[in-house]
Amino acid sequence: MSQLRLLLSRLGAQATRLLAAHDVPVFGWRSRSSGPPATFPSSKGGGGSSYMEEMYFAWLENPQSVHKSWDSFFRKASEEASSGSAQPQPTSVARDSRSAVSSRTKTSKLVEDHLAVQSLIRAYQIRGHHVAQLDPLGILDADLDSFVPSDLITTIDKLAFYDLQEADLDKEFQLPMTTFIGGSENTLSLREIIRRLESTYCQHIGLEFMFINDVEQCQWIRQKFETPGVMQFSSEEKRTLLARLVRSMRFEDFLARKWSSEKRFGLEGCEVMIPALKTIIDKSSEMGIENVILGMPHRGRLNVLANVIRKDLEQIFCQFDPKLEAADEGSGDVKYHLGMYHERINRVTNRNITLSLVANPSHLEAVDPVVQGKTKAEQFYRGDAQGKKIGFTTDPRMARSSPYPTDVARVVNAPIFHVNADDPEAVMYVCSVAAEWRNTFNKDVVVDLVCYRRRGHNEMDEPMFTQPLMYKQIHRQVPVLKKYADKLIAEGTVTLQEFEEEIAKYDRICEEAYGRSKDKKILHIKHWLDSPWPGFFNVDGEPKSMTCPATGISEDVLTHIGSVASSVPLEGFKIHTGLSRILRGRVDMIKNRTVDWALAEYMAFGSLLKEGIHVRLSGQDVERGTFSHRHHVLHDQEVDRRTCVPMNHLWPNQAPYTVCNSSLSEYGVLGFELGYAMASPNALVLWEAQFGDFHNTAQCIIDQFISTGQAKWVRHNGIVLLLPHGMEGMGPEHSSARPERFLQMSNDDSDAYPAFTKDFEVSQLYDCNWIVVNCSTPANYFHVLRRQILLPFRKPLIIFTPKSLLRHPEAKSSFDQMVSGTSFQRVIPEDGVAARAPEQVRRLIFCTGKVYYDLVKERSSQGLEEKVAITRLEQEAEKYPRAELAWCQEEHKNMGYYDYISPRFMTILRRTRPIWYVGRDPAAAPATGNRNTHLVSLKKFLDTAFNLQAFKGKTF
């Protein structure tokens, strides 16, 4: 009986389902296998075998007394118990005790053996991938571990694990419903069961899917891979596969012949990726997919551009010509980083397909969230709400702590298909199933293409220095094209002559394109654009104008948005009492024709929604606002999960507003939002950090994509970064958004004095790589958000947003500063007493952002309104001829804005006058963690700002 119990434990969930059907209580038990804890029926006897015995004896007495599933099971078991001997049959007559015990023993043994076989089948389904032959070189085990699971029958003696013997190999066993290895047969010999399981799970395909918690999805995968003869290809399909392999390999050979000393990061060793991608695209197109977005690192990118995206070969070859002059479109990028967008007819389905390969820097995985964001946006604008991705990865050694590079996919219940890249037909079948899975279940799937790199890191690299044994094997490895061609020739699918003609045909295509490339004179980056916006720019890719309309809106619209922002649009919706106070405060502001920061943002968003612009805000706590000021999502206090977004109740035909909290994974989330903003110019996409300095974990996205994206890839992007910033005694990690970094990466020339033409303001923005602002009024924040959409081009917008100013009584704006005809103020000049008597002013202080309010307060306390004027620079002095000039900032001297503004002021002043620094001394950390130290340093630089003798005797 203990044997039966152990076998039940191996069967795990299957036994549970069988017993649960009869309402049998179960308890947990961990088996000796490496599977999950199994469950067993609880009974007075303490074991599942006693329950089964009870069912069996009841069935012997009366087959109608048990469930029909037990009846069917025991009838089959009785028929097979032992050949040639009388079998127990149910009757209503009591049996001889000795006969019953004998029959029970035989049947119990048969039941145990069937359960053992079911457990064996499940073991292969769960762990067969561990011994699959995935490495084309035969060097590495599938999961980088030589351990062989003890419940896989790799040798005859392992049958004992299941209490089976070699003599059982030719016995027939009933197949469970959880396998399709029998095809149309319901029973198979144990020998055939093991053979078919090994063929499915232990050859060139390794499957990981049994962790998926959906029975239907698991059954779907089993049927796709276990059904006998399922992986059959027609002669035409094989010939197409061969032709695609020819193009993949001969493209690399052609580049190697023409530019042997050039880096190209070729695909040698993984040539099968080209037909793999084309199979996915073909199958997806067949099922109605119209857009495919790809992200990949540099290896193989040129081959994908040529043979998947169908980039003109001559444009690729031009990238290798060092003599071609670059068009004046930016810095450009190396050829193996470039992307492409192409609409064409899929030749297999004869349907339109749009392919986009997103440009990527050398940071190999940085493009992943960008692609996901762009894909999500395309789905949103097409009404496709489901996320559907197919992922590829390679299998490097010593690059991770988990068995596979794909293990992260388990988190989202995505099946993982490992496949040996030197088996082209297995690869094609896996890719076809992956595309079907995505279409059937609208879920992610990962294809792990296990391959090798025939050359070093690049074509000039010598890998034998560090991987001698591996590369000895690689040098002996027969290329996949030759292996597959030999196979097809041997089976008569193609002839040697046809194969050679296919090679000659593609070589001729490459040579002709190479000849055309010699006629090119200019190298254009715009030919490699991965995300065009048809109709937004003119035919040359330039803005249609260099003007921007006023960003103010009518007072009626302001009032309407304000009234919705101050109310709950849904009936019977109970909000928090604290939120009720906030809404009442908004009502009062609307009556007084004023707005604070949150209400100004509400009006900017709402007015854009009215104009048909989709607004998307994501980040950390953005629904409520980190400082509890926004409240764009209301929560019913009495109904769980009932929410309301008033912004989506503004107008009958408004654009949608999307607001969603994100995790503290800035790298991935900012990349995602950047990709989202790539999809359309008619959307305001914003990402807000919980605190400004949190952006530093997304520095790769900022440096490689946002700051340089247009220069490298001619890619416009209007992403908005909201970075809370301000020295308020909150410690080093919650103070500075590091404005100095953004200013340092700005591409304007500090020594160039611009020509002030009629369209200067817009032209200056167009010439820069991004726009950096630090608003000191809600009205300016309102205008800069609207301007971001009304500009005739798109630039990233970096906004240093306030914290304490969100509730500062002086940080409010009048409707008069936001109504029609008004616009963003680049400079907000002094408008007090000092402005009315400029000849009396002894000092003119320039500043930006929150410190303005500290300066105004201190000036008032010292009674220096007539002597000191304060001017705010919001985006980036001749009225006060007798005044000395000073720049005041709350950041330390080696941070903030001074190093940026100082040389520019020198250019404006022709180096005839200094602009003195007022602020905190240089420091390593951006802020102190001690409140008192913060206040002391604040008092010190405010005293300096209003000490009119502070710079006496100093020279510059």
Side-chain angles (χ1 to χ4, degrees), residues 596-598 600-601 617 619-622 625-630 664 666 670 686-699 702 706-707 719-746 770-778 780-782 784-785 788 796-808 810-811 828 846-855 872-876 887-901 918-920 923-929 931 934 937-938 941:
D596 62 4
W597 220 270
E601 180 183 75
L617 172 64
Q620 297 144 4
D621 262 343
V622 294
T626 295
F627 309 100
S628 294
H629 67 289
R630 184 174 284 127
L664 289 167
E666 294 82 6
L670 180 55
L686 310 96
W687 173 75
E688 182 174 72
Q690 192 166 41
F691 290 92
D693 55 328
F694 285 19
H695 75 76
N696 56 16
T697 59
Q699 202 65 46
I702 293 170
I706 299 178
S707 171
I719 183 81
V720 179
L721 274 62
L722 304 179
L723 306 177
H725 171 81
M727 308 295 114
E728 295 168 359
M730 298 181 70
E733 271 69 61
H734 294 92
S735 298
S736 177
R738 296 290 191 173
E740 64 275 4
R741 293 180 180 173
F742 294 94
L743 294 173
Q744 183 187 44
M745 290 190 287
S746 298
W770 55 17
I771 302 168
V772 181
V773 303
N774 187 2
C775 300
S776 61
T777 69
N780 246 8
Y781 180 52
F782 162 85
V784 80
L785 290 175
Q788 185 70 354
L797 173 61
I798 315 300
I799 305 179
F800 303 118
T801 55
K803 293 176 290 184
S804 61
L805 292 193
L806 296 174
R807 294 180 175 84
H808 196 292
E810 301 301 320
I828 303 180
F846 291 94
C847 66
T848 186
K850 179 188 77 71
V851 74
Y852 167 77
Y853 294 91
D854 296 325
L855 290 169
R872 288 169 275 177
L873 301 185
E874 301 282 293
Q875 187 168 284
E876 337 257 278
W887 172 263
C888 183
Q889 64 181 42
E890 58 180 344
E891 297 81 4
H892 293 280
K893 188 174 184 180
N894 58 321
M895 304 172 196
Y897 319 92
Y898 183 67
D899 284 344
Y900 179 84
I901 66 97
V918 177
R920 291 181 167 92
T928 178
R931 178 70 177 174
H934 164 75
S937 62
L938 172 63
F941 81 72

Under 3.5 Å, is there a donor-acceptor pair between the side chain of [X] and the main chain of [Y]?
X: His695; Y: Ala737; result: yes
X: Ser707; Y: Trp770; result: no
X: Thr848; Y: Leu873; result: yes

For Leu617 and Leu722, run side chain to side chain contact (heavy atoms under 4.5 Å, CB included): C-alpha distance rounded to whole Å, both residues' side-chain angles, the deciding distance at 0.1 Å, then the answer.
-> CA-CA 10 Å; Leu617 172 64; Leu722 304 179; 4.2 Å; yes
Taking atom types as modelled and ignoring hydrogens, do the side chains of Glu601 and Tyr781 form a donor-acceptor contact shorter than 3.5 angstrom?
-> yes
Return the [atom1] to [atom2] distance between [X] and [Y], rounded to the nearest 0.5 Å.
X: Tyr852; Y: Glu810; atom1: OH; atom2: CD; result: 9.0 Å
X: Leu797; Y: Ile719; atom1: CG; atom2: CD1; result: 10.0 Å
X: Leu721; Y: Ile706; atom1: CG; atom2: CD1; result: 5.0 Å
X: Leu938; Y: Asp854; atom1: CG; atom2: CG; result: 5.5 Å
X: Leu805; Y: Asp596; atom1: CG; atom2: CG; result: 11.0 Å
X: Ser804; Y: Met730; atom1: OG; atom2: CE; result: 10.0 Å

Any side-chain heavy-atom pair from [X] and [Y] closer than 4.5 angstrom?
X: Leu686; Y: Leu785; answer: yes
X: His725; Y: Glu891; answer: yes
X: Cys888; Y: Leu855; answer: yes
X: Ser736; Y: Asp693; answer: no
X: Ser735; Y: Glu890; answer: no
X: Gln690; Y: Leu664; answer: yes
X: Leu743; Y: Tyr898; answer: no
X: Trp687; Y: Val622; answer: no

Where do Arg630 and Glu688 land on the side chain to side chain contact (heavy atoms under 4.5 Å, CB included) test, with the steps shown first?
-> CA-CA 12 Å; Arg630 184 174 284 127; Glu688 182 174 72; 2.9 Å; yes
State which residue, out of Glu728, Met727, His808, Lys803, fulfils the side-chain contact (heavy atoms from CB on, under 4.5 Å) condition with Lys850.
->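 Single pass found, and it is Glu728.
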Take Val851 and Gln889, measure what side chain to side chain contact (heavy atoms under 4.5 Å, CB included) needs, and give me the verdict at the end.
-> CA-CA 7 Å; Val851 74; Gln889 64 181 42; 5.7 Å; no
Over all atoms of both residues, closest heavy-atom pair of [X] and [Y]:
X: Ala689; Y: Phe694; result: CB-CB, 4.2 Å
X: Phe627; Y: Pro724; result: CE1-CB, 4.1 Å
X: Gly849; Y: Ser776; result: O-CB, 3.9 Å
X: Pro739; Y: Gly896; result: CG-CA, 3.8 Å
X: Val784; Y: Cys775; result: CG1-SG, 4.3 Å
X: Tyr853; Y: Ala811; result: OH-CA, 3.7 Å

Under the side chain to side chain contact (heavy atoms under 4.5 Å, CB included) criterion, do Arg741 and Ile702 qualify, and how do the steps go?
-> CA-CA 10 Å; Arg741 293 180 180 173; Ile702 293 170; over 6 Å; no
Apply ring pair (Phe, Tyr, Trp, His ring centres under 6.0 Å) to Tyr897 and Phe742, showing your working.
-> CA-CA 10 Å; Tyr897 319 92; Phe742 294 94; over 10 Å; no
